[in-house]
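These numbers were taken from a predicted model, which means no experiment stands behind them.
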Amino acid sequence: MRLSSRAIKLSALALLLAFPIASSGQWDKKPYTEWSEKETMKLLNNSPWCQTQSFTDTTRTASTTRSGAGQTTAIAETITVNFRVRFLSAKTVRQAISRYMELQQKEKLSEQMAVRLKAFASADFPDFVVVTVTVDSDRASNMLQEANSLLTRLTTAQLKNNTYLQASGGERVFLQEYQPPRNDGLGARFVFPRTVDGKPIIASDAGEIVFHAELSGGSALNSTVPNSDIPNRDASGRTAQPIGFTLNTRHKIKEMAFAGKIEY
């Protein structure tokens, strides 16, 4: 289901940013239309349906000069890049996205957009499980740029043999289709079958479900390597380093229960 409106575009960037929450949300205690902004962002970034996996980027450096010594030292600047893994096919996630957009628009939300958000939040996914991945950071970095570029370039053929869902004690269910990010802020979509041989891929008594994806392809130029005779170096002395991220998030199935059923 697609959402294409100015409301989504306005909120897409904010949706991708981390929102630190101390308390856990009790999302089944009240209708999603009454969730606070903290509750929605907690669900979208750190909940049974949504996990964050972080990587550290140290490719940027900052220079410092000792007072009176005239010596300049390069210090690596640590930047955290976050991959947000979300079960978009779970109603809880779509409800949180819809609620977040409502809160951002407040009284400016049009009647037409309100209808679209309600339909998005209540839609069923009887045939597929859809996991989305977005990337964000509090600062710009080479790794952030490379990660977003990689998600845009990847294809189903590149991912289908090393991307899967696996419930405890079950077989790996491999990727059926990959869809690069669109202009809706929801991220890259990883589509899996909901049933295999007529059985749901997630049993309610299984302990957890693992989402695993090996994202790799191409290379990036790294200017931090000293100038020496190293293969794959360009004319300016930079070396080509492979781009790759392995995502492996674990979601406790019992905790994915919502309104009397397991939502995924």
Residue pair [X] / [Y]: nearest heavy atoms and the distance that separates them:
X	Y	answer
Thr152	Pro180	O-CB, 3.8 Å
Asn142	Asp57	N-OD2, 3.5 Å
Ser137	Leu144	CB-CD2, 4.0 Å
Ala167	Ala206	CB-CB, 4.2 Å
Val129	Pro193	CG2-O, 4.3 Å
Gln158	Asn162	O-OD1, 3.9 Å

How far does [atom1] of [X] sit from [atom2] of [Y], to the nearest 0.5 angstrom?
X	Y	atom1	atom2	value
Asn248	Phe211	CG	CZ	9.5 Å
Asn45	Thr134	CG	OG1	7.5 Å
Leu109	Arg116	CG	CZ	11.0 Å
Arg86	Leu43	CZ	CG	9.5 Å
Lys91	Lys261	NZ	NZ	6.0 Å
Trp49	Ile262	CH2	CD1	9.0 Å

Within 6.0 angstrom of Glu177 CD, more than 12 heavy atoms from elsewhere: yes
Lys118 atom NZ, neighbour heavy-atom count above 12 within 6.0 Å: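 No, NZ of Lys118 has 12 or fewer neighbouring heavy atoms, counting only those of other groups under 6.0 Å.
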Is it possible for you to say whether [X] and [Y] belong to one hydrophobic cluster, with membership spreading through side-chain heavy-atom contacts below 4.5 Å?
X	Y	answer
Phe174	Phe192	no
Leu154	Val131	yes
Ile201	Tyr164	no
Leu103	Met101	no
Leu215	Val210	no

Modelled atom types, side-chain donor and acceptor of Arg189 and Thr132, under 3.5 Å: no
Centroid-centroid distance, Phe190 to Tyr178, less than 6.0 Å: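 Judged by ring-centre distance (under 6.0 Å), Phe190 and Tyr178 do meet the cut-off.
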Any sub-3.5 Å donor-acceptor pair from [X]'s side-chain atoms to [Y]'s backbone N or O?
X	Y	answer
Gln145	Ser141	no
Asp197	Lys199	no
Ser47	Leu44	no

For the residue pair [X] and [Y], establish whether any side-chain heavy-atom pair is separated by less than 4.5 Å.
X	Y	result
Met256	His251	yes
Phe55	Leu247	yes
Trp27	Thr92	no
Gln179	Val191	yes
Tyr264	Ile209	no
Arg172	Gln166	yes
Leu117	Arg99	no
Gln104	Tyr100	yes

Side chain to side chain contact (heavy atoms under 4.5 Å, CB included) partner of Arg194, chosen from Ser89, Pro126, Pro200: Ser89
Residue pair Gln53, Val85: steps toward the side-chain contact (heavy atoms from CB on, under 4.5 Å) verdict: CA-CA 8 Å; Gln53 185 169 336; Val85 178; 5.6 Å; no
Ion pair Arg250/Glu208, N-O distance below 4.0 Å: yes
Presence of salt bridge, Glu39 and Lys29, under 4.0 angstrom: no
CA sep, side-chain torsions, deciding dist, call: Asn46, Met41, side-chain contact (heavy atoms from CB on, under 4.5 Å): CA-CA 8 Å; Asn46 184 17; Met41 295 311 297; over 6 Å; no
Worked verdict on Leu165 versus Phe87 for side-chain contact (heavy atoms from CB on, under 4.5 Å): CA-CA 11 Å; Leu165 292 174; Phe87 277 81; 4.2 Å; yes
